[in-house]
Amino acid sequence: MKIRAVTSLEKDSVHQVHCSAFPEEERELVANLAVGLLSEKTTPETISLVAEAEGAIVGHVAFSPVTVDGSDRPTYILAPLAVTPNHQKQRIGTQLVETGIQQLTQMGVDTLLVYGDPNYYSRFGFSEATAKPYLPPYELQYPFGWQGLVLSDRSPPTSPVRINCVAALQDPALW
Ligand SMILES: CC(C)(COP(=O)(O)OP(=O)(O)OC[C@H]1O[C@@H](n2cnc3c(N)ncnc32)[C@H](O)[C@@H]1OP(=O)(O)O)[C@@H](O)C(=O)NCCC(=O)NCCS
């Protein structure tokens with residue numbers, strides 16, 4: 001199994017990974033987000049990593065930059081993440097997330113945000129407390145899922161700051 005950057009020819013495979021992993025009511029929304037992020041041209045870059053096993057794409061994760069009002073702190077959000085059901089529980093999700101975290105740390109990113117299950121993301125050190133000052137663009141359906149991970153040695157913001165996401169994430173249904 002290897003983790004590598006996605007190529008421009010892999011949209012269908014990325015869509016398929018998310019469709020296979022997410023429940024029916026969410027799968028189109030999340031798969032379309034994953035594909036939408038592949039065409040985001042951002043500075044700094046939007047990162048998409050895939051896990052390849054025996055020539056097939058079996059996992060995908062994306063990291064896109066967010067701007068923080070009144071601040072130049074490099075900040076990213078992790079979304080979405082999926083591993084195909086028959087390849088789960090083999091640490092592929094962990095390796096996708098950890099590879100992204102390494103890359104973002106080398107880029108000098110300050111904080112990585114995520115909106116997902118704390119039972120999963122806490123294993124990487126994400127916490128609700130770290131995300132607290134960052135106000136998401138829409139009201140959250142599950143506020144406990146809003147978490148952050150500090151990647152630098154700069155101290156976190158002390159007062160609330162509004163964040164702005166890339167176009168693909170600007171859909172209230174995702175939040
Ligand atoms: C979440 C997901 C990406 C994990 O991928 P994976 O390759 O199986 O992850 P890993 O093998 O690195 O870790 C598996 C562990 O995470 C646990 N796990 C998976 N989903 C979890 C969740 N929502 N909450 C808590 N733990 C979870 C598994 O039970 C397993 O635990 P174990 O290590 O004690 O056996 C995968 O289960 C998936 O695609 N799920 C559906 C899509 C999804 O929910 N994505 C967003 C994540 S919040």
Side-chain angles (χ1 to χ4, degrees), residues 1-7 10-38 40 46-66 75-105 109 111-132 134 136-151 163 165-166 168-175:
M1 201 277 301
K2 89 174 175 200
I3 308 287
R4 59 166 174 81
V6 73
T7 73
E10 290 172 327
K11 283 186 183 166
D12 289 349
S13 305
V14 166
H15 193 273
Q16 190 46 43
V17 166
H18 291 276
C19 279
S20 72
F22 276 90
E24 198 175 342
E25 62 278 12
E26 293 176 70
R27 59 179 53 143
E28 269 306 310
L29 184 69
V30 181
N32 289 340
L33 167 65
V35 171
L37 286 167
L38 298 178
E40 289 280 358
T46 294
I47 297 166
S48 268
L49 302 175
V50 290
E52 182 185 335
E54 290 150 14
I57 303 299
V58 299
H60 170 256
V61 66
F63 303 86
S64 56
V66 301
T75 307
Y76 269 72
I77 186 165
L78 183 170
L81 165 69
V83 173
T84 54
N86 54 349
H87 287 85
Q88 289 176 6
K89 299 204 174 201
Q90 297 169 32
R91 290 186 47 83
I92 295 175
T94 299
Q95 289 181 63
L96 282 165
V97 173
E98 286 180 346
T99 304
I101 288 174
Q102 273 170 20
Q103 197 169 328
L104 295 171
T105 305
V109 170
T111 303
L112 176 60
L113 299 165
V114 72
Y115 180 43
D117 193 333
N119 292 322
Y120 188 67
Y121 289 106
S122 59
R123 66 178 60 207
F124 305 101
F126 285 90
S127 75
E128 243 186 288
T130 300
K132 207 173 168 76
Y134 296 91
Y138 300 98
E139 193 174 340
L140 300 177
Q141 215 174 336
Y142 307 106
F144 56 84
W146 187 233
Q147 301 148 78
L149 177 68
V150 176
L151 304 181
I163 63 156
C165 297
V166 299
L169 277 163
Q170 289 175 26
D171 176 352
L174 291 164
W175 301 82

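Position 1 is the first residue of the sequence; numbering continues from there. Quantities reported herein were computed from a predicted structural model and do not represent experimental measurements. Read the numbers this way: they start at 1 and go in the same order the structure lists the ligands and their atoms.
No more than 12 heavy atoms of other residues, nucleotides or ligands shown are found within 6.0 angstrom of CD on Glu24.
Of the listed options Leu81, Val30, Val61, Leu81 places a heavy atom closest to atom 45 (N) of ligand 1. One option in Tyr120, Tyr121, Phe124, Tyr115 has a heavy atom closer to atom 16 (O) of ligand 1 than any other, and that option is Tyr120.
Note on Arg4 versus Glu10: salt bridge recorded, some NZ/NE/NH1/NH2 to OD/OE distance being below 4.0 Å.
Residue Gln95 places every heavy atom at 4.0 Å or more from ligand 1.
The backbone N or O of Leu113 sits nowhere less than 3.5 Å from a side-chain atom of Trp146 that would complete a donor-acceptor pair. For Gln147 (side chain) and Thr130 (main-chain N/O), no donor-acceptor pair under 3.5 Å exists by modelled atom type. Looking only at distances, no side-chain donor or acceptor of Tyr115 sits under 3.5 Å from a matching main-chain atom of Pro136.
Residues Asn32 and His15 bring a donor and an acceptor atom of their side chains to less than 3.5 Å of each other.
Looking only at protein heavy atoms, the nearest one to atom 32 (P) of ligand 1 is Arg123 NH2, 4.3 Å. Protein heavy atom closest to atom 28 (C) of ligand 1, with residue, atom name and distance, is Lys89 CE, 3.8 Å. Here the protein heavy atom with the shortest distance to atom 7 (O) of ligand 1 is Gly93 N, 2.8 Å. The single protein non-hydrogen atom nearest to atom 25 (C) of ligand 1 is Asn119 CB, 3.4 Å, given as residue, atom name and distance. For atom 39 (O) of ligand 1, the closest heavy atom belonging to the protein is Val83 N, 2.9 Å.
Residue contacts with ligand 1: Ala82 is placed with no nitrogen or oxygen under 3.5 Å of a nitrogen or oxygen of the ligand (distance criterion only).
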